[in-house]
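Reviewing the structure listed below.
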Amino acid sequence: LPKGLDFCAMWAFGVDLPYWKDEGKKLYRQQKKTPDQQAQYLVYCAKDCVAAVWLAAWLEEDAARRGWKPPAWEHANWQRAGEMQTHGLHLDGEGVLTVLHAFGQTYAQIGKDIAVHAPGLNPNSPAQVGTLLYDTLGLPTQYKGKVRTTEIDALQVLQRKQATAIVGALLQYKKLTKLASHYLEPLHETHKRGDVLRCGWTPDATETWRFSSSTHPTGGGLNIQTMPQSLRWLIQAPRGRIFVQATLSRAEARYVAWR
């Protein structure tokens, strides 16, 4: 279908819902929502779900009436996604605190190193960092589009071309800052609430149709599949359960050997 199931249900089959797609697009791009906007966004998501499920059932009935083979829907996985979202992921609470303590010490040391090599520099200021690296030190200017940049990719290029102590310290600082904002802060907030880590799960958002995760619709959670290996041990199986990992690494070689 050229459009989403919800879109087709609304226009082609007369689902009694107003056109709501624009409101969702506006709200989705707002990272910080007011309570009213958050409530509106959740209603928007609910409308999407209702319309898509309704149309899936309608199309199955229509295919049966026409004698066609019923379509194979991904909504067989929706229940699993809902269960994963509800059950959440259990955390090693002591492990979270241990990692945070080690992170704090490393972060503080990197800050001291930056202060030694560049007194007065605010490493969170792209303008100050750019002035230091490109104007004062004369390092090759890195661009993102037509704008010069000091993001992680740019610092990695500089480190390869002309490694210096300040570039190395800034690169570590940027990586640690990203680690904190993307992963450690959500894990710490979850631990403080005494809750499980709840992510939003989608069964059909990737080209390969694997499950993907994101922040939870009601807040919290994270993109769990991009969590660094160094932090994944913090996710534990519920009490009385074990984790079983299935991997397709080197699948071709295994297949050839089996044949």
Side-chain angles (χ1 to χ4, degrees), residues 28-34 38 84-85 88-133 142 144 147-160 163-202 211-237 243:
Y28 180 76
R29 290 181 174 86
Q30 294 179 356
Q31 296 296 324
K32 294 184 178 179
K33 303 180 181 66
T34 66
Q38 179 67 17
M84 291 193 294
Q85 189 164 301
L89 298 167
H90 293 253
L91 296 177
D92 180 346
E94 293 184 1
V96 170
L97 297 179
T98 299
V99 169
L100 285 171
H101 178 70
F103 170 83
Q105 291 181 322
T106 305
Y107 199 70
Q109 184 59 51
I110 295 298
K112 292 178 182 178
D113 293 343
I114 292 175
V116 169
H117 298 294
L121 176 71
N122 177 5
N124 294 313
S125 170
Q128 290 188 27
V129 173
T131 298
L132 171 69
L133 297 180
Q142 303 301 308
K144 187 174 183 179
V147 180
R148 69 181 189 177
T149 177
T150 58
E151 295 179 0
I152 290 178
D153 290 345
L155 294 175
Q156 288 176 328
V157 172
L158 292 177
Q159 186 72 350
R160 289 195 298 269
T164 62
I166 185 60
V167 171
L170 287 170
L171 179 58
Q172 282 187 284
Y173 182 87
K174 292 277 189 180
K175 288 182 176 179
L176 289 174
T177 301
K178 181 179 179 180
L179 186 72
S181 62
H182 284 64
Y183 306 105
L184 294 181
E185 289 177 7
L187 294 177
H188 189 210
E189 288 299 319
T190 300
H191 173 67
K192 286 195 299 184
R193 293 195 306 268
D195 195 6
V196 294
L197 182 66
R198 303 183 189 281
C199 303
W201 295 92
T202 307
F211 277 103
S212 62
S213 64
S214 60
T215 54
H216 195 275
T218 58
L222 49 82
N223 185 352
I224 200 74
Q225 65 261 31
T226 61
M227 179 181 284
Q229 292 287 346
S230 59
L231 296 179
R232 293 192 178 190
W233 64 275
L234 296 174
I235 306 297
Q236 292 189 331
F243 274 134

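All values below were derived from every heavy atom in this structure, side-chain atoms included, with hydrogens, water molecules and symmetry-related copies excluded.
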**Item:** Side chain to side chain, L158 and T150, heavy atoms closer than 4.5 Å
**Value:** no

**Prompt:** Closest approach of G221 and C199, non-hydrogen atoms and distance?
**Reply:** CA-SG, 4.3 Å

**Asked** For the atom pair CD (Q159) and OG1 (T164), what is the distance rounded to the nearest 0.5 Å?
**Response** 6.5 Å

Would you be so kind as to tabulate the donor-acceptor pairs closer than 3.5 Å made by side chains of residues 114-132, with sequence neighbours excluded?
residue, atom, partner, partner atom, Å
N122, OD1, N124, N, 3.0
N124, OD1, Y173, OH, 3.1
N124, ND2, Y173, OH, 3.1
S125, OG, Q128, N, 3.2
Q128, OE1, N122, N, 2.9
T131, OG1, A127, O, 2.9

**Prompt:** Taking all atoms of both residues into account, what is the closest heavy-atom pair of A154 and Q142, and its distance?
**Reply:** CB-CB, 3.6 Å

**Message:** Can you tell me how far apart CG (D92) and CG (L231) are? Round to the nearest 0.5 Å.
**Reply:** 12.0 Å

**Asked** Any side-chain heavy atom of L171 within less than 4.5 Å of one from I152?
**Response** yes

**Prompt:** How long is the gap from NE2 on H191 to CG on L234, to the nearest 0.5 Å?
**Reply:** 11.0 Å

**Item:** T98 side, atom OG1; L100 side, atom CG - distance, nearest 0.5 Å
**Value:** 9.0 Å

**Message:** If you compare all heavy atoms of A237 against all heavy atoms of F243, which two are closest, and at what distance to 0.1 Å?
**Reply:** N-CE1, 3.2 Å

**Asked** How far does CG of L187 sit from NE2 of H182, to the nearest 0.5 angstrom?
**Response** 13.0 Å

**Request:** Hey, could you give me the CG/CD distance between L97 and E94, rounded to the nearest 0.5 Å?
**Result:** 8.0 Å

**Asked** So, do Q156 and K174 sit near enough that their side-chain heavy atoms are less than 4.5 Å apart?
**Response** no

**Asked** Would you say Y107 and L179 make side-chain contact, with heavy atoms under 4.5 Å?
**Response** no

**Request:** Determine the minimum heavy-atom distance between Q172 and I110, stating which atoms define it.
**Result:** OE1-CD1, 3.3 Å

**Item:** Donor-acceptor under 3.5 Å (Y183 side chain, T226 main chain)
**Value:** yes

**Message:** With heavy-atom distances below 4.5 Å as the criterion, would you say the side chains of R193 and T190 are in contact?
**Reply:** yes

**Asked** Looking only at atom types and distance, does a side-chain atom of H188 sit under 3.5 Å from a main-chain N or O of L184, one as donor and one as acceptor?
**Response** no

**Those residues that, when tested against E185, pass salt bridge (Lys or Arg N to Asp or Glu O under 4.0 Å) (two or more places apart)** = none

**Prompt:** Can you name the closest pair of heavy atoms from P186 and L222 and give their distance?
**Reply:** CB-CD2, 3.8 Å

**Message:** Could you go through R232 and I235, starting from their C-alpha distance and side-chain angles, then the distance that decides it, and tell me whether this counts as side chain to side chain contact (heavy atoms under 4.5 Å, CB included)?
**Reply:** CA-CA 6 Å; R232 293 192 178 190; I235 306 297; 5.6 Å; no

**Asked** What closest approach, in Å, do V196 and G88 show between heavy atoms, and which atom pair accounts for it?
**Response** CG2-CA, 3.8 Å

**Item:** Q225 and S213: side chain donor to acceptor below 3.5 Å
**Value:** yes

